[in-house]
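Structure first, commentary second.
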4 protein chains.
Amino acid sequence: MDATQTRPKRMPREVRERQMLDAAVAVFARRGYRAASMDEIAELAGASKPLVYLYLHSKEDLFSACIRREAEALISAVRGAVDRGAPADRRLWDGLRGFFAHTAAHPDGWAVLHCQARTHGEPFALEVAALRQQLVDVVTRLITETAEDGGCTAPLPETEVSGLAHALVGAAESLAGWSNERDGAAPSERETAATLMNFAWSGLENLANGRRWAPVGA
Amino acid sequence: MDATQTRPKRMPREVRERQMLDAAVAVFARRGYRAASMDEIAELAGASKPLVYLYLHSKEDLFSACIRREAEALISAVRGAVDRGAPADRRLWDGLRGFFAHTAAHPDGWAVLHCQARTHGEPFALEVAALRQQLVDVVTRLITETAEDGGCTAPLPETEVSGLAHALVGAAESLAGWSNERDGAAPSERETAATLMNFAWSGLENLANGRRWAPVGA
Amino acid sequence: MDATQTRPKRMPREVRERQMLDAAVAVFARRGYRAASMDEIAELAGASKPLVYLYLHSKEDLFSACIRREAEALISAVRGAVDRGAPADRRLWDGLRGFFAHTAAHPDGWAVLHCQARTHGEPFALEVAALRQQLVDVVTRLITETAEDGGCTAPLPETEVSGLAHALVGAAESLAGWSNERDGAAPSERETAATLMNFAWSGLENLANGRRWAPVGA
Amino acid sequence: MDATQTRPKRMPREVRERQMLDAAVAVFARRGYRAASMDEIAELAGASKPLVYLYLHSKEDLFSACIRREAEALISAVRGAVDRGAPADRRLWDGLRGFFAHTAAHPDGWAVLHCQARTHGEPFALEVAALRQQLVDVVTRLITETAEDGGCTAPLPETEVSGLAHALVGAAESLAGWSNERDGAAPSERETAATLMNFAWSGLENLANGRRWAPVGA
DNA sequence: CATGAATGAGGCTTCATTCAT
DNA sequence: CATGAATGAAGCCTCATTCAT
């Protein structure tokens with residue numbers, strides 16, 4: 001009779017669940033975990049609160065589900081961007097581009113992972129730590145291989161490699177935020193990646209060849 | 001009547017206020033802004049709740065005061081560590097050491113600035129953004145001078161410099177967290193700074209000299 | 001298509017309804033009226049929730065139906081146990097045995113009647129009161145006849161008979177719980193009935209003959 | 001200015017807490033544990049809900065506190081009514097009068113103990129079971145001594161004594177309800193006690209002397 | 001000023017119950 | 001009829017915040 005009826009839209013569970021996760025990611029990103037209200041999430045999802053609880057059980061579970069979904073999406077984006085078999089520098093370059101492209105396309109998801117999840121206690125921090133560890137692992141492998149390709153004479157100490165990987169990931173995270181904030185003149189993901197690549201590549205090469213900076217007076 | 005009563009120590013407002021901020025920073029760092037309760041803060045500060053409200057007006061104001069105090073302390077630590085007049089590389093090195101030393105010495109304050117403040121809406125995010133901008137400005141100046149000292153032929157484009165500065169700050173932030181988490185085997189602030197310096201310095205030098213990495217097939 | 005599907009067994013309404021009542025009695029006994037959930041009842045009954053509502057209309061109606069069914073079963077058990085025409089003491093003895101046998105055999109039903117129904121507001125309390133009144137009536141008749149058989153000189157005052165009946169029924173109810181709780185060494189319904197009968201019989205006889213206890217100093 | 005101000009009545013905690021317990025007992029008695037709402041209790045207590053939670057922590061704790069208070073009051077009433085040193089029959093008589101007087105004076109408390117507490121899961125049932133056990137213990141002692149005073153030749157078997165005690169307590173509980181329900185013509189606690197005493201006393205005497213009822217045909 | 005009494009507002013969660021398919 | 005989608009209403013609990021003493 002009336003095509004404009006809005007209320008009881010029947011939809012398969014799968015679809016509804018995705019809408020809920022979308023809404024939850026948006027609200028968690030905007031407000032933070034504690035300040036986000038299930039009311040707002042439900043409303044944004046176009047569903048009633050009981051339905052949200054029926055499908056996702058609790059605020060905690062909902063947040064976990066968001067983290068898991070976004071983390072998997074990000075990892076997949078990075079993994080899918082690199083061509084196993086390419087040389088190390090190329091793989092680093094491609095991985096960075098994948099990372100920046102994904103974070104730019106999903107700013108809310110990135111905000112949840114980067115800003116919210118780490119600040120709200122064990123259950124969530126652990127899941128994000130697992131994601132971050134995967135990123136760090138990928139980068140660690142690239143650094144090691146890069147060092148080898150670059151003719152490294154002696155293997156770099158493990159602690160230093162770990163530190164470098166964290167530095168690189170931190171730089172990337174920071175640049176992701178930087179390029180997202182510059183509305184209007186946002187650099188393309190290609191430019192962002194180039195900036196970081198220029199910065200990092202020769203640093204790695206130098207390290208691989210034992211050339212280090214040292215304070216003059218010390 | 002009774003000299004053994006310990007609780008209602010009369011103290012000058014200045015001292016009391018500092019105790020309150022100390023307590024607040026600790027609780028905000030541990031629990032997050034929303035989950036922190038004024039009750040817990042007052043108790044940890046050893047003061048009554050009405051007094052907290054008398055001095056600091058509201059939870060929001062209290063959080064802002066925390067952010068401002070910690071941000072100023074951090075900036076001062078970095079500024080105080082560098083010797084104006086020293087060459088650019090030395091100043092970067094000293095600034096990094098100051099940064100890592102301070103964040104390691106004040107983990108709660110750093111957690112509030114880095115993890116909590118940015119995730120809780122405009123009023124706070126703005127204050128933290130101002131802090132970060134100051135750090136970025138310092139680094140930007142160093143990069144520019146470094147490029148000049150290194151014999152840069154043409155000035156680097158502004159966007160790229162900004163990106164580099166953000167990358168460097170992000171790397172530093174990430175390393176601060178990394179070195180704090182490694183309980184037991186936490187690297188000294190000197191080692192952490194060295195790791196980043198090794199990584200960054202030659203990158204900057206290369207850039208200053210126009211040597212850039214470029215994708216092979218592009 | 002597939003003969004192995006087990007769930008949607010078509011069954012006559014009568015059977016389904018009994019299953020539902022069985023499930024409801026079990027759940028109400030275990031959880032109480034308010035804490036029992038229609039979900040749990042439907043699941044235990046092996047039926048879908050809409051069907052439960054189709055047959056039994058509402059939680060309230062369902063509970064009422066449980067009470068009615070269990071009350072009728074109990075009354076029937078007691079009535080069926082006594083042999084009209086036997087002497088009064090024998091009928092009391094048989095009635096008690098019937099009562100204890102039935103409550104022991106249907107602990108959930110007894111729990112619903114004794115524990116749950118009386119504590120949940122008028123609609124249910126009335127139905128249980130009706131049941132209890134029937135029990136009291138039976139007992140009242142027995143007491144009166146016992147008094148006559150025992151050679152009662154003057155009729156007992158009505159209030160006293162009513163009180164005695166309530167005392168007897170209360171004692172029986174209490175013993176039903178007592179014998180059900182003593183897992184392992186649960187006395188047979190015969191022993192339980194004997195305990196109460198020994199206790200009650202001579203009391204009634206004495207009363208019938210006007211012998212009463214009186215406080216010494218009063 | 002206006003003596004009719006009603007809202008923020010300041011009162012010492014002790015007083016408020018008693019008002020809350022009074023209100024809670026009334027509401028729990030009327031509605032049952034689950035159906036009672038903290039809103040209604042708070043309103044009846046003339047306090048806000050947060051204050052109820054501040055003092056009594058949770059619905060569960062509140063219910064427990066009610067049970068404990070009412071149980072102690074009842075036990076005290078019974079204990080205080082009997083004169084240690086009086087003969088057994090006199091003590092039974094006095095105890096019953098104390099019991100009926102107290103339950104008649106505090107029908108809500110009695111309802112909570114007798115009807116509500118036992119039907120709502122372990123935490124509460126245990127507390128009530130402890131109370132009931134105390135009553136049963138008292139009665140058990142009286143029965144044993146009565147048997148001895150009455151010239152009991154051989155000690156009664158333990159199970160039988162336990163059964164008798166439960167029967168007597170059940171009868172008393174039932175009579176308490178009976179006399180409370182008869183509004184208008186409610187028998188005095190003295191009459192109620194007399195009814196039960198007449199009923200029970202000769203039964204006990206007979207048992208003590210080995211006279212038992214036995215089915216004719218068995 | 002310290003203390004303790006007090007609360008409005010709001011958040012998470014759960015049910016009994018109903019349609020559409 | 002069985003299924004699964006859907007919700008209004010209500011309940012427990014907590015917190016930032018304020019007075020009176």
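Every chain is numbered from 1, with letters handed out A, B, ... down the list of sequences. Only heavy atoms go into these numbers, but all of them, side chains included; no hydrogens, no water, no symmetry mates.
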Under the side chain to side chain contact (heavy atoms under 4.5 Å, CB included) test, which residues partner A/E43, sequence neighbours left out? none
In whole Å, what is the span from the CG atom of A/L56 to the P atom of E/dC12? 14 Å
List for me each residue that meets side chain to side chain donor-acceptor pair (under 3.5 Å) alongside B/E40, sequence neighbours excluded, and say none if there are none. B/R31
Protein-to-nucleotide contact annotation, 5' to 3' order, nucleotides 16-21 of chain F [B base; S sugar-phosphate only; - none; under 4.0 Å, heavy atom]: SBBBS-
With sequence neighbours left out, write down each residue that passes side chain to side chain donor-acceptor pair (under 3.5 Å) with C/R68, or none if nothing qualifies. C/E127
Which residues in residues 24-32 of chain D have at least one heavy atom lying under 4.0 Å from any atom of DNA chain E? none
With a non-hydrogen cut-off below 4.0 angstrom, is B/L51 in contact with a base, only sugar-phosphate, or nothing? sugar-phosphate
Nucleic acid contacts of residues 61-70 of chain C, taken as heavy-atom distances under 4.0 Å to DNA chain F: none
Listed partners of C/R118 passing salt bridge (charged side-chain N to carboxylate O under 4.0 Å, His left out), at least two apart: none
For a quick test of reading the model: is some side-chain N or O of D/R16 closer than 4.0 Å to OP1 or OP2 of E/dA6? yes
What residues, two or more places apart in sequence or in another chain, satisfy side chain to side chain donor-acceptor pair (under 3.5 Å) together with C/D61? none
Test your reading of the model: is there a side-chain donor-acceptor pair from C/K49 to the backbone of C/I41, 3.5 Å cut-off? no
For the side chain of A/K59 and the backbone of A/R34, is there at least one donor-acceptor N/O pair under 3.5 Å apart? yes
What residues, two or more places apart in sequence or in another chain, satisfy salt bridge (charged side-chain N to carboxylate O under 4.0 Å, His left out) together with B/R18? none
Under 30°, 30 to 60°, or over 60°: which ring-plane class applies to D/H120 and C/H120, parallel, tilted or perpendicular? perpendicular
Could you provide the dot-bracket string of DNA chain E, using ( ) for intrastrand pairs, [ ] for crossing pairs and | for bases paired to another strand, with Watson-Crick or G-U pairs below 3.5 Å? .||||||||||||||||||||
To the nearest Å, give me how far apart CD (A/E43) and C1' (F/dA6) are. 17 Å
Side chains of A/I67 and A/Q116, heavy atoms from C-beta outward: is any pair under 4.5 Å? no
Among all residues two or more places apart in sequence or in another chain, which pass the side chain to side chain donor-acceptor pair (under 3.5 Å) test with A/D108? none
When A/Y55 and C/R13 are each assigned the nearest nucleotide of DNA chain F, the 5'-most assignment goes to C/R13
Of C/L54 and A/P12, the one whose closest DNA chain F nucleotide lies more 5': C/L54
Sorted by chain and number, sequence neighbours left out, ring pair (Phe, Tyr, Trp, His ring centres under 6.0 Å) with A/Y55 holds for none
Classify the ring geometry between D/F63 and D/F124 as parallel (under 30°), tilted (30 to 60°) or perpendicular (over 60°). perpendicular
